[in-house]
Each structure stands twice: as structure tokens, then as C-alpha cells.
A.B. asks: 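Have a look at this one.
One is the number of the first residue; the rest follow in order along the sequence.
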Amino acid sequence: PVAPAPAPEPEAQSEAEPADAPQFSSFRFQQGSSDKFWKIAVSGVETIVVFGRSGTKGSTVLKAFETPERARREAAKLIAEKVRKGYIED
């Protein structure tokens, strides 16, 4: 007897971009020999910052706050700081 075919697996979401992936704001700084990137996203009560030299994977820092509102305020503050330092939004 032939074994029944296993039931097809439910369609899995792509690991690279899940539907609820945080939206990153990307910035770049180029001056002299410096060529850096900085990205930030807010996901619930967390901010996710990825930064480093352009062309590298960079470093990731995750920071949790008491409320989503605090996380958004912190992200806005950090963005303003980067823009003041000469970073330009991609």
C-alpha cells in the first residue's frame, strides 16, 4: 500500500520581510573619509538602531521603553540628533 502524501505545509511568510516587520528610517553621513549609515525603527515598546560604516552589516542595538509612546519619542529625539550632526535621510 502507498502511504498517503503528507498534508501540504501552510504557506510560510518569508523570513526576510515578515508582514509586521518594523519600518526603518535610514540615514547616511559622508564627510572626508567618513561614510556611515544609521537606521532606526520602533516596534511596540522597543527601538531598534542599526549603524556602522557603509558596506558593512553594522551593529544593532535594541532598547525597550515603558510605553510605545516613549519609544516613539526617543526615536524622534535620536533622529533629530543625527540630522543636527549632518546625517541625511536616504
A.B. asks: State, to 0.1 Å, how close Pro22 and Ala41 come at their nearest heavy-atom pair, and which atoms those are.
C.D. replies: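 Scanning both residues, the minimum pair turns out to be CB-CB, 3.6 Å.
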A.B. asks: Quick check on the hydrophobic clustering: are Val83 and Phe51 connected, directly or via other members, by side-chain heavy-atom contacts under 4.5 Å?
C.D. replies: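 Same cluster: Val83 reaches Phe51 through Ile, Leu, Val, Met, Phe, Trp or Tyr contacts under 4.5 Å.
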A.B. asks: In this structure, would Val50 and Trp38 fall into the same cluster of hydrophobic residues linked by side-chain contacts under 4.5 Å?
C.D. replies: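 Different clusters: Val50 never reaches Trp38 through Ile, Leu, Val, Met, Phe, Trp or Tyr contacts under 4.5 Å.
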A.B. asks: Could you grab the distance from atom CD1 of Ile79 to atom CD of Glu74, nearest 0.5 Å is fine?
C.D. replies: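 Nearest 0.5 Å value for the CD1-CD distance: 10.5 Å.
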A.B. asks: Honestly curious: do Phe27 and Val61 fall in one hydrophobic cluster under the side-chain, below-4.5 Å linking rule?
C.D. replies: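 Yes, it is one cluster - the side chains of Phe27 and Val61 are joined through contacts under 4.5 Å.
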A.B. asks: Using 0.5 Å steps for rounding, measure from the CD1 atom of Ile40 to the NZ atom of Lys77.
C.D. replies: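 One gets 10.5 Å once the value is rounded to the nearest 0.5 Å.
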A.B. asks: Going only through I, L, V, M, F, W and Y residues with side-chain contacts under 4.5 Å, is there a path from Leu78 to Ile48?
C.D. replies: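 Unlinked, Leu78 and Ile48 end up in two clusters.
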A.B. asks: Taking the side chain as every heavy atom from C-beta outward, state whether Tyr87 and Lys36 have any pair of such atoms under 4.5 Å apart.
C.D. replies: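 They are in contact (side-chain heavy atoms under 4.5 Å apart), so the answer is yes.
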A.B. asks: If you group Ile, Leu, Val, Met, Phe, Trp and Tyr whenever their side-chain heavy atoms sit less than 4.5 Å apart, what else falls in with Val42?
C.D. replies: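 Answer for Val42: none, a lone residue.
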A.B. asks: Taking salt bridge (charged side-chain N to carboxylate O under 4.0 Å, His left out) as the cut-off, I'd like each qualifying pair that reaches into residues 80-90, sequence neighbours left out, listed once.
C.D. replies: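 Listed once each, the pairs would be none.
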A.B. asks: Could you check Glu69 against Arg73 for salt bridge (charged side-chain N to carboxylate O under 4.0 Å, His left out), going step by step and ending with a plain yes or no?
C.D. replies: CA-CA 6 Å; Glu69 173 58 30; Arg73 265 204 324 263; 3.7 Å; yes
A.B. asks: Taking Phe37 as the starting point, is it possible to reach Phe24 by hopping between hydrophobic residues whose side chains are less than 4.5 Å apart?
C.D. replies: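 Both belong to a single hydrophobic cluster.
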A.B. asks: Please, which pairs that meet side chain to side chain donor-acceptor pair (under 3.5 Å) have at least one residue in residues 46-61, sequence neighbours excluded?
C.D. replies: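 Output for this query lists Arg28-Ser54, Asp35-Ser54.
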